[in-house]
Amino acid sequence: MELEVRHLRALCAIADGGSLHRAARQLGVSQPALSTQLSRIEQALGGPLFVRERTGCRPTPLGRSVLGRARPLLADMSTLVREARAAAAGADSRLRIGSTASRALAGWLRRLRRPGLEPTLQMDVSANALLRRVAEGQLDVAFVHEVEGSALHVPDGLRLRVLVEREPQFVMLPADHPAAARPVVRLADLADDRWMVDPTVDGEWDGVHRMLRAVGLNPRVLHGDYHTAASLVATGEVVTVCQPSSQTRPDMAVRRLYGDPLGVRLLMAARTRAELDAVFPALEDAYWEAARQSTAYREWLEGAGIRMLPRRPVTAAGTDRVEFVRAR
């Protein structure tokens, strides 16, 4: 049996609903039919994806890995369908946005959406790939992050604007981890933990490796995407670096790292200044909105004396935004 989109959608429904019964109701199928379909999917993939319990279903390690890959694929498929329908309807007002992961995305898209304009979104873990698509005209703008020490490969001619010069990266750890009892965590407190890193994110593995090596640590490392990392943190399997705007949950904590040893620069790229001006203010608003919603990041910003407000406006006399262009 070959996997199809409907199979991935079924797996996500089971994970989100927490049981075959709720997933079947959401999908509009019978529970026995969904159970049979799940068995066939598990047979095709070579192992169980969920543990069946009296209270419902929970993903196995293999299931978490598959779900971590399935969700972006479903999102891409939804984008494809939406864009195709817009093209078939003769829509000619499109804003094609690319982005690496960010909690500011939802607020940014909400602010950009208006009658006659429906922004499309293309997610990618590779900032370099997104920058190439902007340069090639496949995207209008891209919001990306650059891990310090791992410079991005910016194509000639792109205009870049800096949203945040250095955003500190925090750590996500299980809520019952001893270090979670403190607002600031030292890397030495995590010496015995396994770390999870996504090696497909440009610069992330190099940045984390440099950070750990600088304090003499050489921990066990697992490779996985953001979704899988969050699932494994919640079950106490790993710790991982995360964006400071990440939200603490009952099963996991987000804490500042002592000395802020790892940071990223947040950038927007476009081919013209006009394209940047059209969407940058909305991104600023959305970013600081997300920052205010994170207790740990809000406290860090206040301690650093940084106002959580967009920097406005751009005037003829100059700008307080950092902007530069890669010359051809």
Side-chain angles (χ1 to χ4, degrees), residues 15 47-51 58-69 71-72 100-103 125 145-150 166-264 291 293-300 303:
L49 302 177
F50 293 92
V51 176
R58 59 181 175 85
T60 62
L62 175 60
R64 288 192 290 268
S65 178
V66 172
L67 287 165
R69 298 299 181 186
R71 294 187 191 277
T100 51
S102 172
R103 289 188 60 83
V125 295
H145 69 276
E146 179 181 60
V147 180
E148 60 187 358
S150 299
R166 189 180 192 273
E167 179 192 74
Q169 299 301 281
F170 285 8
V171 65
M172 183 181 291
L173 62 164
D176 58 358
H177 193 291
R182 298 184 291 277
V184 180
V185 175
R186 293 178 179 270
L187 286 172
D189 298 332
L190 309 174
D192 296 327
D193 290 284
R194 286 185 296 184
W195 288 72
M196 177 159 274
V197 178
D198 189 344
T200 63
V201 177
D202 294 332
E204 181 166 303
W205 166 235
D206 289 338
V208 172
H209 183 61
R210 283 193 297 269
M211 174 185 75
L212 296 173
R213 187 175 54 192
V215 293
L217 296 184
N218 185 28
R220 296 163 293 169
V221 176
L222 302 180
H223 291 166
D225 57 76
Y226 291 121
H227 295 292
T228 304
S231 298
L232 294 184
V233 169
T235 58
E237 295 292 328
V238 300
V239 299
T240 187
V241 294
C242 66
Q243 298 173 14
S245 54
S246 300
Q247 295 287 323
T248 290
R249 299 183 347 198
D251 53 1
M252 66 176 64
V254 174
R255 296 290 184 266
R256 174 187 170 186
L257 284 169
Y258 178 79
D260 303 322
L262 182 63
V264 303
Q293 294 170 356
S294 168
T295 301
Y297 193 24
R298 187 173 64 246
E299 291 175 351
W300 183 93

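These numbers come from the heavy atoms of this one structure, side chains and all, not from hydrogens, waters or symmetry mates.
- Side chains of Arg186 and Val215 form no contact here, defined as non-hydrogen atoms less than 4.5 Å apart.
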Sequence neighbours excluded and cut-off under 3.5 Å, please list the side-chain donor-acceptor pairs for residues 230-240, or say none.
unit_1: Ser231; atom_1: OG; unit_2: His227; atom_2: O; d: 3.1
unit_1: Thr235; atom_1: OG1; unit_2: Ser231; atom_2: O; d: 3.4
unit_1: Thr235; atom_1: OG1; unit_2: Leu232; atom_2: O; d: 3.1
unit_1: Glu237; atom_1: OE1; unit_2: Arg194; atom_2: NH2; d: 2.4
unit_1: Thr240; atom_1: OG1; unit_2: Met196; atom_2: O; d: 2.8

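- What you find for Pro219 and Ala191 is that their closest heavy atoms are CB-O, 4.5 Å.
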Stepwise side chain to side chain contact (heavy atoms under 4.5 Å, CB included) test for Asp193 and His177: CA-CA 10 Å; Asp193 290 284; His177 193 291; 2.8 Å; yes

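- Nearest heavy-atom pair across Pro174 and Ala180 is O-CB, 3.8 Å.
- Note: Tyr297 OH to Gln243 CD = 9.5 Å, rounded to the nearest 0.5 Å.
- With hydrogens and angles ignored, the 3.5 Å screen pairs no side-chain donor or acceptor of Gln293 with any backbone N or O of Gln247.
- Inter-residue side-chain proximity for Glu204 and Val125 is flagged as unmet; no heavy-atom pair is nearer than 4.5 Å.
- Listed here is the closest heavy atom pair of Cys242 and Ser246: CB-OG, 3.7 Å.
- The OG1 atom of Thr248 sits 5.0 Å away from the CZ atom of Arg255 when rounded to the nearest 0.5 Å.
- One distance of note links CH2 of Trp300 with CG of Asp260; it measures 6.0 Å at 0.5 Å rounding.
- Within the 3.5 Å criterion, the main-chain N or O of Asp192 finds a donor-acceptor partner in the side chain of Arg220.
- The backbone N or O of Glu146 sits nowhere less than 3.5 Å from a side-chain atom of Glu148 that would complete a donor-acceptor pair.
- When Leu187, Val171, Leu257, Val208 are each tested for a side-chain contact (heavy atoms from CB on, under 4.5 Å) with Leu262, only one passes: Val208.
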Show, in sequence, the C-alpha distance, side-chain angles and deciding distance for Val185 and Leu190, and conclude whether the side chain to side chain contact (heavy atoms under 4.5 Å, CB included) test is met. CA-CA 8 Å; Val185 175; Leu190 309 174; 3.9 Å; yes

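- In this structure, the separation between CG on Leu49 and CG on Leu67 is 7.5 Å, given to the nearest 0.5 Å.
- In this structure, the separation between CG on Asp225 and OG1 on Thr200 is 7.5 Å, given to the nearest 0.5 Å.
- Other residues, nucleotides and ligands place more than 12 heavy atoms under 6.0 Å from the CZ atom of Arg166.
- Nearest heavy atom pair, residue Ser245 against residue Arg103, reads O-CD, 2.8 Å.
- Within the 4.5 Å cutoff, the side chain of Pro168 has no heavy atoms near those of the Arg256 side chain.
- When every heavy atom of Ser150 is checked against every heavy atom of Asp206, the shortest pair comes out as OG-CB, 3.9 Å.
- Contact record, Tyr226 with Ala101: CE1-CB, 3.8 Å, taken as the closest heavy-atom pair.
- Rounding to the nearest 0.5 angstrom, the gap separating the CG atom in Leu173 from the CH2 atom in Trp195 is 9.0 Å.
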